[in-house]
Structures are given as structure tokens and as C-alpha cells.
Amino acid sequence: MPLQQSLNDLEQAYNNFFKSCKGKRKGKKVRPPKFKKRNTKQSARFRVGGFKLKEDKISLSKIGKLKIIWSKPLPNPPSSVTVIKDAANRYFLSFVIEVNQQLLPESPNSVGIDLGIKTFAVLSTGEKIDAPKPLKHKIKRLRKLNRNLSRKQKGSNRYERARVRKAKLYARMKDTRKDFLHKLSTRIIHENQVIVLEDLNVAGMVKNRKLSKAISDLGWRQFRTFIEGKAEKYGRDFRVISRWEPTTHALFVLRFCWWQIRPFCQGMDLFKLRDSSRQR
């Protein structure tokens with residue numbers, strides 16, 4: 001059954017590629033499919049009839065019974081399951097289930113979120129939220145593992161052990177970042193009825209070689225994806241402001257004539273917002 005699903009995925013990939021070549025597919029041009037590497041993420045998908053699920057065990061066709069450690073209970077019977085092995089040799093089971101929309105009680109609050117590098121997010125309420133920045137804290141360890149890996153001969157057992165150590169470090173950094181984004185997005189969704197976020201050109205900003213590492217370490221795009229999905233799930237209103245909207249025009253005027261009007265406007269919240277924007 002996993003081989004059949006792989007053929008179906010290959011057919012879909014070629015259809016997307018040919019439609020992209022003919023201009024029938026929206027978005028960026030799609031490249032032709034290529035083989036996966038053996039030492040990266042691997043997956044096998046089983047549909048109904050290819051697996052049987054019990055309390056703490058699952059039986060997969062051609063594989064046998066496996067013991068499961070549940071992260072959370074399933075609300076409904078699954079329609080398919082995907083066995084995933086990541087680069088750090090960790091195994092996961094991903095289930096596809098049908099879930100009804102879970103509406104939260106309406107909240108009178110609304111919030112605007114401004115994302116930044118030094119401070120991950122500044123809310124319209126004045127709250128500042130800092131990111132864990134796992135890559136920044138683990139960069140020395142990562143460089144050491146890269147040097148250690150470069151000294152090993154490819155294909156040897158020592159090279160494989162060094163590669164797994166590096167992959168495990170990447171996995172810990174990814175898990176730390178994802179856990180922070182999940183908790184933050186869940187809190188914002190539960191506390192506010194309307195959430196407003198700016199449409200940032202993250203793909204273009206990452207091309208800046210001086211800021212690409214810091215931007216990638218924050219996970220701006222993943223945070224927006226979490227907010228969008230949870231807003232749809234819990235019945236919240238999520239809005240995106242165009243990147244061309246003059247949202248910083250007032251702040252620019254304040255910076256231009258700050259030295260002239262500062263003596264007359266001490267203690268105003270607007271200048272606290274101005275100072276926080278300058279720090280970011």
C-alpha cells in the first residue's frame with residue numbers, strides 16, 4: 001500500500017509540473033520531482049484497510065504491530081496514517097481525522113501584532129514578547145558538530161554517528177521554536193476575537209544575507225500559519241494588512257520632528273510606541 005501511495009504522489013507531482021510549464025497552475029513554477037535522500041525525512045502512508053488501531057498498539061500491513069506513545073487522544077477514527085522517520089532517526093505517526101469546528105465564546109478584545117527581530121512581537125496592548133531564538137543559543141555547538149562531521153569519511157559508521165548528532169541538535173532547535181509558536185498562537189487566539197497581522201515578504205527578506213539567519217530563527221511564516229489555522233478552527237476573525245499600507249507613517253513623522261515636540265508631549269503612550277519601534 002505505501003508503494004501505491006508513492007505512485008499516486010508521483011503522478012500528482014508530474015501533473016503539477018506540466019501544468020506549471022503550460023501556465024495552467026497559479027503561483028511559482030514547479031520543478032520536476034526528484035528522488036529523496038535516504039538520510040533525510042522518510043514517510044510511508046497507509047489508508048483504510050492497511051492498518052488497524054487499538055488502545056496503545058497499531059498493526060501495519062507488511063510491517064506488523066507497533067507500540068504507540070500518544071501525544072493526545074484521537075477524537076474520531078482516522079482515515080489514514082503516515083509513518084514518518086526524520087533525519088534524527090525518530091519515528092512518528094501522523095493521523096488524518098475529521099474534526100468539527102470548535103467555536104470559542106466570543107471575546108470583546110482585538111489585537112494587532114507587529115513582528116520584529118530583536119523583539120519577536122509587539123502587541124497593540126503594549127505587551128512585548130521575546131522569542132527563545134534556539135539557533136542563536138546553539139550556534140557554537142552547531143559549528144563544532146559541523147567541523148566534526150567534515151573530518152569524517154562519507155559512508156563510514158563514524159560519519160553516520162556524527163550526522164545523527166547534528167540532526168538531533170537541529171531537531172531540538174526545531175522543537176523549541178515550534179513549541180513557542182504553538183503556545184503563543186494558542187494564547188492569542190483564546191484571548192482575542194479579532195487578530196490583525198501584517199503581510200510580510202519573508203521570502204524576500206531572507207535573501208538579505210545579514211538578516212537571513214535571524215529571520216529564519218524566529219519563524220515568522222510558521223507563526224502566521226498557526227494563527228490562520230487556529231482562527232479558522234475556533235471561529236476567530238483573522239485579518240492581514242497589506243505590506244504597502246502606510247502603517248509606519250505616523251512613526252516616521254515623529255522621528256523626523258522628535259527633537260522639536262518632545263518637550264511638549266512628555267508621558268504620552270504614542271512615544272512609548274515610537275521608542276519600542278526604534279528598538280526593533
Side-chain angles (χ1 to χ4, degrees), residues 1-51 76 78-87 92-102 113 115 167 170-171 173-175 177-178 181-182 185 188-189 194-209 211-245 247:
M1 185 169 290
L3 296 179
Q4 297 175 358
Q5 300 303 324
S6 298
L7 293 176
N8 294 336
D9 294 341
L10 180 63
E11 181 182 6
Q12 184 64 37
Y14 270 115
N15 289 335
N16 294 337
F17 169 67
F18 290 128
K19 288 181 180 179
S20 179
C21 294
K22 296 177 182 179
K24 298 181 180 180
R25 190 177 188 275
K26 296 182 180 180
K28 296 182 179 179
K29 287 190 175 181
V30 179
R31 295 182 180 181
K34 54 184 179 180
F35 289 100
K36 291 184 178 180
K37 295 182 179 180
R38 291 181 178 272
N39 55 1
T40 57
K41 183 179 178 181
Q42 304 290 321
S43 62
R45 189 164 68 254
F46 297 83
R47 293 197 176 274
V48 177
F51 69 95
N76 294 316
S79 60
S80 68
V81 59
T82 303
V83 183
I84 302 172
K85 176 188 175 184
D86 63 0
F92 301 93
L93 293 177
S94 175
F95 295 92
V96 176
I97 57 176
E98 184 177 355
V99 180
N100 297 326
Q101 192 177 25
Q102 304 173 5
I113 306 173
L115 301 179
Y170 269 114
M173 292 189 294
K174 179 182 177 181
D175 293 342
R177 185 183 304 112
K178 195 173 181 180
L181 297 177
H182 264 303
S185 59
I188 292 176
I189 288 294
V194 181
I195 301 97
V196 183
L197 191 65
E198 186 179 1
D199 182 21
L200 297 176
N201 183 17
V202 180
M205 298 171 69
V206 169
K207 295 180 181 179
N208 186 341
R209 61 185 181 86
L211 298 176
S212 59
K213 186 185 297 183
I215 294 174
S216 301
D217 194 19
L218 295 171
W220 286 346
R221 180 62 201 183
Q222 194 174 25
F223 176 69
R224 175 179 168 178
T225 303
F226 289 165
I227 289 286
E228 285 180 341
K230 294 177 183 180
E232 182 179 359
K233 179 180 179 182
Y234 295 111
R236 298 306 197 192
D237 186 8
F238 176 70
R239 303 176 186 178
V240 178
I241 298 179
S242 173
R243 69 190 67 164
W244 307 115
E245 291 290 336
T247 55

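The model shown is predicted, which means the values in this text are computed figures rather than measured ones.
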Checklist entry - Nearest heavy-atom pair of Phe238 and Ala231: which atoms, and what distance? => result CB-CB, 3.8 Å

Next on the checklist: Tell me if a side-chain donor or acceptor on Lys85 pairs with a main-chain N or O of Ala44 at a distance below 3.5 Å.
Outcome noted: no

Checklist entry - At their closest point, which heavy atom of Ala87 faces which heavy atom of Ala167, and how far apart are they? => result O-CB, 3.5 Å

Checklist entry - Are the side chains of Thr40 and Gln42 in touch, meaning some heavy atoms are under 4.5 Å apart? => result yes

Checklist entry - Which residues pass the side-chain contact (heavy atoms from CB on, under 4.5 Å) test with Asp217, sequence neighbours left out? => result Lys133, Pro134, Leu135, Lys136, Arg177

Checklist entry - Side chains of Phe223 and Ile188: closer than 4.5 Å at any heavy-atom pair? => result yes

Next on the checklist: Minimum heavy-atom separation for Val99 and Asn76, please, with both atom names.
Outcome noted: CA-ND2, 4.3 Å

Next on the checklist: Val196: which residues meet the side-chain contact (heavy atoms from CB on, under 4.5 Å) condition with it, sequence neighbours left out?
Outcome noted: Val194, Arg239, Ile241

Item to check | Lys233 side, atom NZ; Asn100 side, atom CG - distance, nearest 0.5 Å | outcome: 11.0 Å

Next on the checklist: Checking Val30 now: which residues fulfil side-chain contact (heavy atoms from CB on, under 4.5 Å) with it, not counting sequence neighbours?
Outcome noted: Ser20, Arg25

Checklist entry - Is it true that a side-chain atom of Glu198 and a backbone atom of Ile113 form a donor plus acceptor pair closer than 3.5 Å? => result no

Item to check | Parallel, tilted or perpendicular, as decided by the 30° and 60° cut-offs, for the rings of Tyr14 and Phe17 | outcome: perpendicular

Checklist entry - Any idea which heavy atoms bring Ile227 and Ile189 closest together, and the distance? => result O-CD1, 4.0 Å

Item to check | Which residues share a side-chain contact (heavy atoms from CB on, under 4.5 Å) with Gln222, sequence neighbours left out | outcome: Lys178, Leu181, Phe226

Checklist entry - So, Gln5 versus Asp9: side-chain donor-acceptor pair below 3.5 Å or not? => result no

Checklist entry - Quick one: salt bridge (charged side-chain N to carboxylate O under 4.0 Å, His left out) partners of Arg224, sequence neighbours excluded? => result Asp199, Glu228

Checklist entry - Is the number of heavy atoms from other residues, nucleotides or ligands within 6.0 Å of CD (Gln101) greater than 12? => result yes

Checklist entry - Are any non-hydrogen side-chain atoms of Leu93 and Ile84 less than 4.5 angstrom apart? => result no

Checklist entry - Pairs in or reaching into residues 28-37: which pass salt bridge (charged side-chain N to carboxylate O under 4.0 Å, His left out), with residues at least two apart or in two chains? => result none

